[in-house]
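See structure below.
Hydrogens, waters and symmetry mates are skipped; everything else that's a heavy atom, side chains included, is used.
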Amino acid sequence: MANERVRVRGLSIFRPIIYGNTARLLTREERENVPAEHTHKWTVAVRSAASAPGSDIVGGADNLGYFLKRVSFKLHDTYPNPTRNIDKPPFEVSETGWGEFEVTIKLHFVPESGEKALTIYHHLKLHPWSLTGEPDSVPPVEVAQKAGPVHSWQYDEIVFNDPYQNFLNILTSNPPTPLPRTNANGRTIPFHVANPASLEASKGGVPEFTTLIERDEVERLEKAKKTIIAEQERTRATLIAKEKELERLQKTLNG
């Protein structure tokens, strides 16, 4: 039993997740039972990346409860009890509203993991996507109705480095459902602002993540990482140059 609390050094294991939201316009009947200004019903969630066959839900093929103990969603302060703690799957919150805002999502892992909580952020999306230069503009109701539900989802990978042996056992006993290679189920591809060409392909259905999208996401993350490193190096070089110039000026003044 003692070996179960020993970390397996040099090993990394990950679990793919998606987080985001789905939103749709309220029906006339639904609007009779909510505040007058509310226009949409939305669900924000953290799910497994793979979608269940035949399901109209984005992701969610796997139960993430084996490594997530709780997911906390911090909504806008205008909502009653804005911090919603969800202690079992599905890890999601459904509400009605009229405005978009940033949702803070905190992932709490099971005690066996020995991991600290992880915080991620999602901008709640209610209105159809636009690449017209006015992404936050609110379209007419008839345009929104024709566009159908709005989906805004982000793929990510939770990486566990040097996991405890007992936690590793839990993870390996619950392998994630593999992502399909292509959208063979007739689903659309998820739209991503970093890939404008995906806007048209994302319309008209429930999106599904695939291994190709996973690869693209990893490549985009690596590109972003290299860009940040390069910018850090440029900043460092500029700072060194300015320090040398300051040193030269000080010597001139003291001379």
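- For the side chain to side chain contact (heavy atoms under 4.5 Å, CB included) with R47, the qualifying choice from I57, I17, N63, D62 is I57, the only one to do so.
- The existence of a salt bridge linking E245 and K242 is excluded, since no basic side-chain nitrogen approaches an acidic carboxylate oxygen closer than 4.0 Å.
- Within the structure, every pair that satisfies the side chain to side chain donor-acceptor pair (under 3.5 Å) test and touches residues 8-25, not counting sequence neighbours, is listed here: S12-N161, R15-Y66, N21-H122, T22-H151, R24-E30.
- Looking at D156 and I18, their side chains never come closer than 4.5 Å, going by heavy atoms from C-beta outward.
- Contact of the W42 side chain with the T96 side chain is not registered, since no non-hydrogen atoms from C-beta on lie closer than 4.5 Å.
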Q: Take E115 and V110 through the test side-chain contact (heavy atoms from CB on, under 4.5 Å) and record every step on the way to the result.
A: CA-CA 8 Å; E115 299 284 344; V110 295; over 6 Å; no

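- The cationic group of R84 does not satisfy the cation-pi geometry with F73, failing either the under 6.0 Å distance to the six-membered ring centre or the 45° limit from the ring axis.
- Taking the six-membered ring where the residue is Trp, the centroids of F167 and F160 are separated by under 6.0 Å.
- Using a 4.0 Å cut-off between charged nitrogen and carboxylate oxygen, K74 and E102 do not count as a salt-bridge pair.
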Identify each donor-acceptor pair in which a side-chain atom of residues 234-241 lies under 3.5 Å from a protein atom, sequence neighbours left out, and give them as a table.
| residue | atom | partner | partner atom | Å |
| --- | --- | --- | --- | --- |
| R234 | NE | E231 | OE1 | 3.4 |
| R234 | NH2 | E231 | OE1 | 2.5 |
| T235 | OG1 | E231 | O | 2.9 |
| T238 | OG1 | R234 | O | 2.9 |

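- With hydrophobic clusters built from ILVMFWY side chains whose heavy atoms lie under 4.5 angstrom apart, I120 shares a cluster with V44.
- Side-chain contact of N169 with Q165: a donor-acceptor pair under 3.5 Å is present, judged by distance alone.
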Q: In sequence, state the C-alpha distance, the side-chain angles, and the governing distance for E247 and K251, and then conclude on salt bridge (charged side-chain N to carboxylate O under 4.0 Å, His left out).
A: CA-CA 6 Å; E247 183 178 356; K251 288 182 178 178; 3.7 Å; yes

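- Considering only residues two or more places apart in sequence or on other chains, D87 meets the side-chain hydrogen bond (donor to acceptor under 3.5 Å, both in side chains) condition with R70.
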